[in-house]
**Student:** 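Got a structure here, written out as structure tokens. Questions coming.
Since the structure is predicted, the reported quantities are computational estimates derived from the model, not experimental observations.
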Amino acid sequence: MTKKLHPVQEELLKLLADNFDDPLTVREIQDDLGLSSPSVVAYHINQLEKNGYLKRNPSNPRDYQILKGGPEKKVIYLNLYGLAQCGPNGSVLDGTPVDRIPLPTRILSFPSDEAFLVKAKGDSMEPKISDGDFIIAKKTNIADPGEIVVCVNNGEALIKKIKLDKNKIILVSLNQKYDPFLAENHFRIEGVVRGLISNKIST
């Protein structure tokens with residue numbers, strides 16, 4: 001059964017939704033809701049996040065996602081895809097998942113229905129990403145220059161950093177022994193890398 005929200009949290013959630021395109025500061029939220037201090041605002045925002053109504057970017061508190069349909073489950077099973085081959089439509093996400101992995105939704109900074117996992121292959125993205133690491137990605141077909149993406153290039157599924165040179169997309173490996181190369185005409189971004197679960201076992 002869903003826990004009933006505190007009246008202040010109901011108002012706060014509506015206020016955040018109404019100002020999603022131009023997020024308010026804590027002080028502005030305090031003034032709009034008539035709360036006594038910024039710490040009271042922070043408390044109610046934390047409660048919304050804790051109870052699964054809100055996702056915040058830990059490095060930017062004004063970057064948040066309101067979870068439609070109420071709170072998320074505390075654990076979700078995400079499809080894990082391999083980079084060995086694409087699906088019938090040339091997409092990683094059209095392929096058959098190699099596994100389903102349980103993850104706590106609190107580690108995601110975005111709605112869990114936008115998340116998928118990819119198992120990294122090879123050493124081209126070392127030292128940041130190693131062979132066998134699980135990559136947490138957010139589904140999207142666009143990305144900013146400098147972001148690391150899961151993509152399909154000439155029918156091959158890859159994890160690469162993207163750069164722009166005029167109107168050309170350049171795919172860059174973090175391992176300097178691999179040269180950058182141009183994206184093909186049928187290049188497509190599947191998702192932006194948002195996290196990593198290391199395959200390395202500490203000794």
**Student:** How many angstroms lie between CD1 in I169 and CG in L164, if you round to the nearest 0.5 Å?
**Tutor:** 6.0 Å
**Student:** Consider side chain to side chain contact (heavy atoms under 4.5 Å, CB included). Of V192, I189, V172, I148, which one does I162 pass it with?
**Tutor:** I189
**Student:** Looking at I135, L174, L171, which one forms a side chain to side chain contact (heavy atoms under 4.5 Å, CB included) with I159?
**Tutor:** I135
**Student:** Rounded to the nearest 0.5 Å, what separation is found between the CD atom of E49 and the OG atom of S109?
**Tutor:** 10.0 Å
**Student:** Would you give the length of the straight line joining atom OH of Y53 to atom CD of Q47, rounded to the nearest 0.5 angstrom?
**Tutor:** 11.5 Å
**Student:** Look at the side-chain heavy atoms of Ile, Leu, Val, Met, Phe, Trp and Tyr, link any pair under 4.5 Å apart, and say whether L103 and V75 land in one connected group.
**Tutor:**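 Cluster IDs for L103 and V75 differ.
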**Student:** May I have the step-by-step check of side chain to side chain contact (heavy atoms under 4.5 Å, CB included) for L196 and S198, ending in yes or no?
**Tutor:** CA-CA 6 Å; L196 179 148; S198 177; 4.0 Å; yes
**Student:** Applying a strict under-4.5 Å side-chain criterion to I, L, V, M, F, W and Y, I'd like to know whether L83 and V152 cluster together.
**Tutor:**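 Yes.
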**Student:** If you measure from the Lys or Arg side-chain nitrogens to the Asp or Glu carboxylate oxygens, is any gap between K177 and D123 under 4.0 Å?
**Tutor:**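 Judged by the 4.0 Å cut-off on N to carboxylate O distance, K177 and D123 do form a salt bridge.
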**Student:** In terms of ring plane angle, is the pair H44 and H6 parallel, tilted or perpendicular, where the classes change at 30° and 60°?
**Tutor:**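 The rings of H44 and H6 sit tilted, inter-plane angle from 30° to 60°.
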**Student:** More than 12 foreign heavy atoms under 6.0 Å from OH of Y178: is that the case here?
**Tutor:** yes
**Student:** Under a single-linkage definition using a 4.5 Å side-chain heavy-atom cutoff for Ile, Leu, Val, Met, Phe, Trp and Tyr, are L13 and V40 assigned to the same hydrophobic cluster?
**Tutor:** yes
**Student:** Does this structure show an ion pair linking K138 with E114, if we count only N-O contacts that are shorter than 4.0 Å?
**Tutor:** yes
**Student:** Under a 3.5 Å distance rule, please check whether D133 uses its side chain to pair with a backbone N or O of I129 as donor and acceptor.
**Tutor:** no
**Student:** Taking side chain to side chain contact (heavy atoms under 4.5 Å, CB included) as the criterion, tell me which of I76, N79, L117 meets it with I101.
**Tutor:**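 For I101, the side chain to side chain contact (heavy atoms under 4.5 Å, CB included) test succeeds with only one of I76, N79, L117, which is L117.
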**Student:** Is it the case that over 12 heavy atoms from other parts of the model lie below 6.0 angstrom from the OH atom of Y77?
**Tutor:**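 No, not enclosed.
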**Student:** Write down the atom of Y81, the atom of P97, and the distance for their closest heavy-atom approach.
**Tutor:** CE2-CG, 3.9 Å
**Student:** State the CG-NE2 distance between N154 and H186, to the nearest 0.5 angstrom.
**Tutor:**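 Spacing of CG (N154) from NE2 (H186) equals 8.5 Å.
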**Student:** Say whether, by atom type as modelled, one donor and one acceptor occur between the side chain of D131 and the main chain of G122 under 3.5 angstrom.
**Tutor:**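 Here the side-chain-to-backbone pair exists.
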**Student:** Could you walk me through whether L93 and F116 pass the side chain to side chain contact (heavy atoms under 4.5 Å, CB included) check?
**Tutor:** CA-CA 9 Å; L93 302 181; F116 66 97; 3.6 Å; yes
**Student:** Please check if V150 and I170 belong to a single hydrophobic cluster, counting links between Ile, Leu, Val, Met, Phe, Trp and Tyr side chain heavy atoms closer than 4.5 Å.
**Tutor:**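 Per the 4.5 Å side-chain linkage, V150 and I170 are not co-clustered.
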**Student:** Calculate, to the nearest 0.5 Å, the distance between atoms NZ and CG belonging to K119 and D99 respectively.
**Tutor:**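 One gets 9.0 Å once the value is rounded to the nearest 0.5 Å.
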**Student:** Rounded to the nearest 0.5 Å, how far apart are CD1 of I29 and CD of E11?
**Tutor:** 12.5 Å
**Student:** Is Y43 reachable from L54 through a run of hydrophobic residues whose side-chain heavy atoms are each under 4.5 Å from the next?
**Tutor:** no
**Student:** Between the side chain of N153 and the main-chain N/O of E184, is any donor-acceptor distance below 3.5 Å?
**Tutor:** yes
**Student:** Looking at E147 and R194, is any side-chain nitrogen of the basic one under 4.0 Å from a carboxylate oxygen of the acidic one?
**Tutor:** yes
**Student:** Nearest heavy-atom pair of A120 and S130: which atoms, and what distance?
**Tutor:** CB-O, 3.5 Å
**Student:** To check you understand the geometry: which heavy-atom pair defines the closest contact between A115 and K139, and what is its length?
**Tutor:** O-CE, 4.0 Å
**Student:** For L80 and V118, run side chain to side chain contact (heavy atoms under 4.5 Å, CB included): C-alpha distance rounded to whole Å, both residues' side-chain angles, the deciding distance at 0.1 Å, then the answer.
**Tutor:** CA-CA 5 Å; L80 172 67; V118 172; 5.6 Å; no
**Student:** Is a salt bridge present between K128 and E126, judged by a nitrogen-to-oxygen distance below 4.0 Å?
**Tutor:**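 Salt bridge between K128 and E126, a charged N being under 4.0 Å from a carboxylate O: no.
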**Student:** Is there side-chain contact between P145 and K163, with heavy atoms separated by less than 4.5 Å?
**Tutor:**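 The answer is no; the side chains never approach within 4.5 Å.
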**Student:** Can you name the closest pair of heavy atoms from V92 and A157 and give their distance?
**Tutor:**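 That closest heavy-atom pairing would be CG2-CB, 3.5 Å.
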**Student:** Could you verify whether a donor N or O on one side chain and an acceptor N or O on the other, from S173 and K160, lie under 3.5 Å apart?
**Tutor:**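 Short answer, yes.
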**Student:** Are D31 and R27 close enough for a salt bridge, meaning some N to O gap below 4.0 Å?
**Tutor:** no
**Student:** Any side-chain to backbone donor/acceptor pair from E28 onto T25? Under 3.5 Å, distance only.
**Tutor:** yes
